[in-house]
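The block underneath contains the structure these notes are about, expressed in structure tokens.
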Number of protein chains: 2
Amino acid sequence: MKKPAADIETEDTVVSVNDRTLRSFHGYQMKRTFNVIQSDLSRTLKPLELRMLTYTALVLIVDNPGLRQSQLAEAMDIERPNLVVIVDELERRGLVLRDRLPNDRRAYALKATAAGQDLCKQALSVVTAHEAALLKGVSPDEKAVALKVLQAIEANRQRDR
Amino acid sequence: MKKPAADIETEDTVVSVNDRTLRSFHGYQMKRTFNVIQSDLSRTLKPLELRMLTYTALVLIVDNPGLRQSQLAEAMDIERPNLVVIVDELERRGLVLRDRLPNDRRAYALKATAAGQDLCKQALSVVTAHEAALLKGVSPDEKAVALKVLQAIEANRQRDR
DNA sequence: TATTGTTATACTCTATAACTATA
DNA sequence: TATAGTTATAGAGTATAACAATA
């Protein structure tokens, strides 16, 4: 069983890593937490044969029919080339369709099939339950503040300098 | 220039992705935010030839001399095999040493060299400045709540089920 | 037997350049 | 020329099994 990083106990010493330096290094906690979310969510979605990326893409397509791939990539904050294989996978499984836009034959209008909508609904329910479990003991107010901080960090992103 | 995911504007439509489903999917925002931290931090550390993982390992070794590799891996929440190459890199650059423990010849006691301590100090200062920039507009209270939430998520981790 | 560090390996995610077809 | 999607590719992070040395 793993122990929290704050104090690592060994048979004869206690190594405190939660000191001056790392207390101020939020990236450290962010990474640990993201690891937890990523691995727990992967396990949660595994029975549905979805990963975090394919799940996110599916939800976005279901909720935004007609979305272009480049819009979807932007919404997911990934590069367009990396989205191609994700949409490929969803399309191969019959969950989404690539329709051509009538007015711009370069782009696709992404749409979920009935199967895709169905799987999305199932996935949504297990993910919601999973997140509720992870956020147990956290009040709605605290959740809201945390989300606001995450969004602030994203807004403060330093671009291309 | 990228736009926020909440509303994706195109020439003739506005696709809202910030709806019922994704508002409740915190992993989505976590991932976006972690991407920002990861890529910004990589750029910040690049002049020092450090990455997030090598930086974290170096800080932990500097602050916890004598740490074993398995303890360090646990503190960083990564698997032991993945830590080996990280310590290899730091050792090759003369930043840390692998001393043998006298009472357990299987394990190493990790220690930072003078050069390692020096680089750690430099890295710490650029990372601190970088985090301050990312957290601009966020109050200390909000920061504290966010950190608490992250730690709660980690504590609620679902293991091996 | 169990643990520390290691090797090898596979999979996923990320990032960039260059191509095609359309605009 | 610019944009949408694609291909190819490289790099980084993560996870597991199996091994040697030591406990």
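Chain letters run A, B, ... following the sequence lines, proteins first, then strands; residues in each count from 1.
B/M52 places its CE atom 14 Å from the P atom of C/dT14, with the value rounded to the nearest Å. Between the C1' atom of D/dA4 and the CD atom of A/E79 lies a distance of 14 Å, rounded to the nearest Å. Note: CG (A/L101) to P (D/dT3) measures 17 Å, nearest angstrom. C/dT12 atom P lies 18 Å from atom CG of B/N35, rounded to whole Å. Taking atom CG of residue B/D77 and atom C1' of nucleotide D/dA15, one finds them 12 Å apart after rounding to whole Å. As rounded to whole Å, 16 Å separates atom C1' of C/dT16 from atom CG of A/L83. The nearest whole Å value for the distance from the CG atom in B/N103 to the P atom in D/dA23 is 9 Å. Atom CZ of A/R43 and atom P of C/dC11 are 20 Å apart (whole Å).
In summary, A/K136 and A/E131 do not engage in a salt bridge, as defined by a charged side-chain N under 4.0 Å from a carboxylate O. Taking 4.0 Å as the cut-off between side-chain N and carboxylate O, B/D88 and B/R93 do not count as a salt-bridged pair. By the 4.0 Å N-to-carboxylate-O rule, B/D40 lies close enough to B/R43 to be salt-bridged with it.
For the pair B/S70 and C/dT3, the criterion of a side-chain N or O lying under 4.0 Å from OP1 or OP2 is not met. In terms of phosphate contacts, B/R98 brings a side-chain nitrogen or oxygen within less than 4.0 Å of OP1 or OP2 of C/dT6. Side-chain nitrogen and oxygen atoms of B/R100 include none within less than 4.0 Å of the OP1 or OP2 phosphate oxygen of C/dG5. For A/R106 and D/dG5, the shortest distance from a side-chain N or O to OP1 or OP2 is not below 4.0 Å. Contact annotation: B/R80 does not reach the phosphate of C/dG5 (side-chain N/O to OP1 or OP2, under 4.0 Å). The side chain of A/Q71 contributes no N or O atom lying less than 4.0 Å from OP1 or OP2 of D/dA4.
Evaluation of atom-type donor-acceptor distances gives a pair under 3.5 Å for the side chain of B/N82 against the base of D/dA15.
Remark on DNA chain D: of its neighbouring residues A/A109 and B/R51, the 5'-side contact belongs to A/A109, judged by nearest-heavy-atom nucleotide.
Here CD1 of B/I61 is found 11.5 Å from CD of B/Q117. Values are rounded to the nearest 0.5 Å.
No continuous path of ILVMFWY side-chain contacts below 4.5 Å connects B/V84 to B/L90, so the two sit in separate hydrophobic clusters. Hydrophobic clustering (ILVMFWY, side-chain heavy atoms < 4.5 Å, transitive): B/L97 and B/V59 are in distinct clusters.
For the helix from C/dT1-D/dA23 to C/dA23-D/dT1, the rotation axes defined at the first and last 5 base pairs enclose an angle of 10°, given to the nearest 10°.
Listed candidates were D/dT6, C/dT7, D/dA15. Nearest to the side chain of B/V84 is C/dT7. Proximity note for B/A107 (side chain, C-beta onward) versus C/dT6, C/dT4, C/dT16: the nearest is C/dT4. Proximity note for A/K31 (side chain, C-beta onward) versus C/dT12, D/dT14, C/dT16: the nearest is D/dT14. Distance from the side chain of A/Q38 is smallest to C/dC13 among C/dA15, C/dC13, D/dG5. Set against D/dT14, C/dT7, C/dT22, the side chain of B/I78 has D/dT14 as its closest nucleotide. For A/R105, the listed nucleotide lying nearest its side chain is C/dT22; candidates were C/dT22, D/dG13, C/dT16. Picking from D/dG13, C/dA8, D/dG5 the nucleotide with the shortest atom distance to the side chain of B/P81 gives C/dA8. Proximity note for A/Y108 (side chain, C-beta onward) versus C/dG5, D/dG5, C/dA15: the nearest is D/dG5.
Residue-level contact check: B/L53 touches the backbone only, with heavy atoms under 4.0 Å from sugar-phosphate atoms and none from bases.
Of the candidates B/D63, B/I86, B/V96, B/V87, B/V96 is the only one forming a side chain to side chain contact (heavy atoms under 4.5 Å, CB included) with B/L58.
For A/R100, the side-chain hydrogen bond (donor to acceptor under 3.5 Å, both in side chains) partners two or more places apart in sequence, or in a different chain, are A/Y108.
Considering only heavy atoms from C-beta on, B/R68 comes within 4.5 Å of B/Q71 through its side chain.
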